[in-house]
S.K.: 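Once you've had a glance at the structure underneath, I'll fire off some questions.
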Number of protein chains: 2
Amino acid sequence: MAKNSSKFATLGQQEADTADLESLVGYNLKRAYIIVEAHFREAVGKDGMSARVFSALSLTVSYPNITQIALARVMGIERSGLVAIVDELEAYGYLQRAPVPGDRRIQALVPTEEGLAAYNEALGLVRDKEERLLSDLTGVERQTLFALLKKIRRMEED
Amino acid sequence: MAKNSSKFATLGQQEADTADLESLVGYNLKRAYIIVEAHFREAVGKDGMSARVFSALSLTVSYPNITQIALARVMGIERSGLVAIVDELEAYGYLQRAPVPGDRRIQALVPTEEGLAAYNEALGLVRDKEERLLSDLTGVERQTLFALLKKIRRMEED
DNA sequence: TATTGTTATACTCTATAACTATA
DNA sequence: TATAGTTATAGAGTATAACAATA
């Protein structure tokens, strides 16, 4: 199991690549995500939206009038956790909680004009950044990466 | 931009797959990781190690006598954050902080026999679980997934 | 002066449980 | 009774800054 039993090892790239961890999908996914997320933050800038806030805004743009509970479900988080996210987006003036006639428990989420503009600008920056990050990958490789990640995502129920 | 402007949309799988977010690598990586991490927790059991503690133990097994600062660097976290992780592993009796003759600032991390046994058992469970999770992927697809994730990981410096 | 490990502290993300107002 | 949204609270995981011991 031990790949290196010399005392006071210095870790070269080769050695690091043969460690057990490197053969696990979870570890590789997490490390890759950390890098992509750092690039996301660079793309949106120092005072830009966090990834989860951007995601929530993106989904309200794609699905206007979505309810908080539905949005939480799509995002895979608890509805309680969404409150602060929506509060933040509302404070930015990027969306509104609109009353729904017929059921006063529900508030439909609708992006404002400013929200739409801010979203489209951020989306452009993020896409450009991902484009550059993935510039070493061919078109086929990118398609394959997406297909494989989505295949894993579909395993949720088991 | 809006794919669905009907009021009170219910989100079918098809609609969800065409949202902007679905075209971003970061979002897909994160969602895939969440699923794999949940399977990791199932594999190691209710009172099993967390992923980061497992990772630290794995790396001390692969690189016995590694220092905390080197381990933190490999894991991509701050050295201050590693203290609690090593404390936990030491409390389990899975590793020891061993003094290094010649430099009393440094403590080399060495797995115990129990640590090695616990690690190998956990590694087996995690590998089996990942195996089952990825059973829909062909051998080539898995190799490709690893290759693409590692390619992204190598983009760190830019 | 610089480095290793440590502590104190704070921030982000998330979950659980209980509450409210409605249905 | 059940549901949508909210609040309170706690627990991971991480980072920054300052410190002690040692080099």
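Lettering of chains follows the sequences in order, A, B, ..., and the numbering in each one begins at 1.
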S.K.: To the nearest Å, how far apart are B:R104 CZ and D:dT22 P?
M.R.: 5 Å
S.K.: On DNA chain C, check which nucleotide each of B:R79 and A:G76 is closest to and give me the residue with the more 5' one.
M.R.: B:R79
S.K.: Check the distance between C:dT14's P and A:I85's CD1 and give it to me in whole angstrom.
M.R.: 7 Å
S.K.: What's the CZ-C1' distance between B:F40 and D:dA12, to the nearest Å?
M.R.: 14 Å
S.K.: Pick the closest DNA chain D nucleotide for A:I34 and for A:L82 by heavy atoms, then say which residue is nearer the 5' end.
M.R.: A:L82
S.K.: Any side-chain N or O of A:K30 below 4.0 angstrom from OP1/OP2 of D:dG13?
M.R.: no
S.K.: Without decimals, in angstroms, what is the distance between B:R41 CZ and D:dG13 C1'?
M.R.: 13 Å
S.K.: Quick one: B:E78 CD to C:dC11 P, roughly how many Å, whole number?
M.R.: 17 Å
S.K.: Quickly work out the B:D87 CG to C:dT4 C1' distance and round it to whole Å.
M.R.: 15 Å
S.K.: Both A:D103 and A:G81 contact DNA chain C. Taking the nearest nucleotide for each, which residue is further toward the 5' end?
M.R.: A:G81
S.K.: OP1 or OP2 of D:dA21 sitting under 4.0 Å from any side-chain N/O of B:R105?
M.R.: no
S.K.: Does B:E37 have more than 12 heavy atoms from other residues, nucleotides or ligands lying within 6.0 Å of its CD?
M.R.: yes
S.K.: Grab the CD-P distance between B:E37 and C:dC13 for me, whole Å please.
M.R.: 17 Å
S.K.: Can you identify which nucleotide, out of C:dC13, D:dT6, D:dA4, has its nearest atom closest to the A:I69 side chain?
M.R.: D:dA4
S.K.: Taking B:G93's backbone N and O only, do any of them form a donor-acceptor pair with B:T112's side chain (distance below 3.5 Å, no angle check)?
M.R.: yes
S.K.: Tell me which one of A:I34, A:I35, A:L149 satisfies side-chain contact (heavy atoms from CB on, under 4.5 Å) with B:L29.
M.R.: A:L149
S.K.: Per the atom types in the model, does the base of C:dT14 pair as donor or acceptor with the side chain of A:S80 at under 3.5 Å?
M.R.: no
S.K.: Does any donor atom in the side chain of A:Y92 or A:E88 lie under 3.5 Å from an acceptor atom in the other side chain?
M.R.: yes
S.K.: What is the distance, to the nearest angstrom, from the CD atom on A:Q68 to the C1' atom on D:dG5?
M.R.: 6 Å
S.K.: Main chain of A:K30, side chain of B:K30: is a donor-acceptor contact present, judged purely on distance under 3.5 Å?
M.R.: no
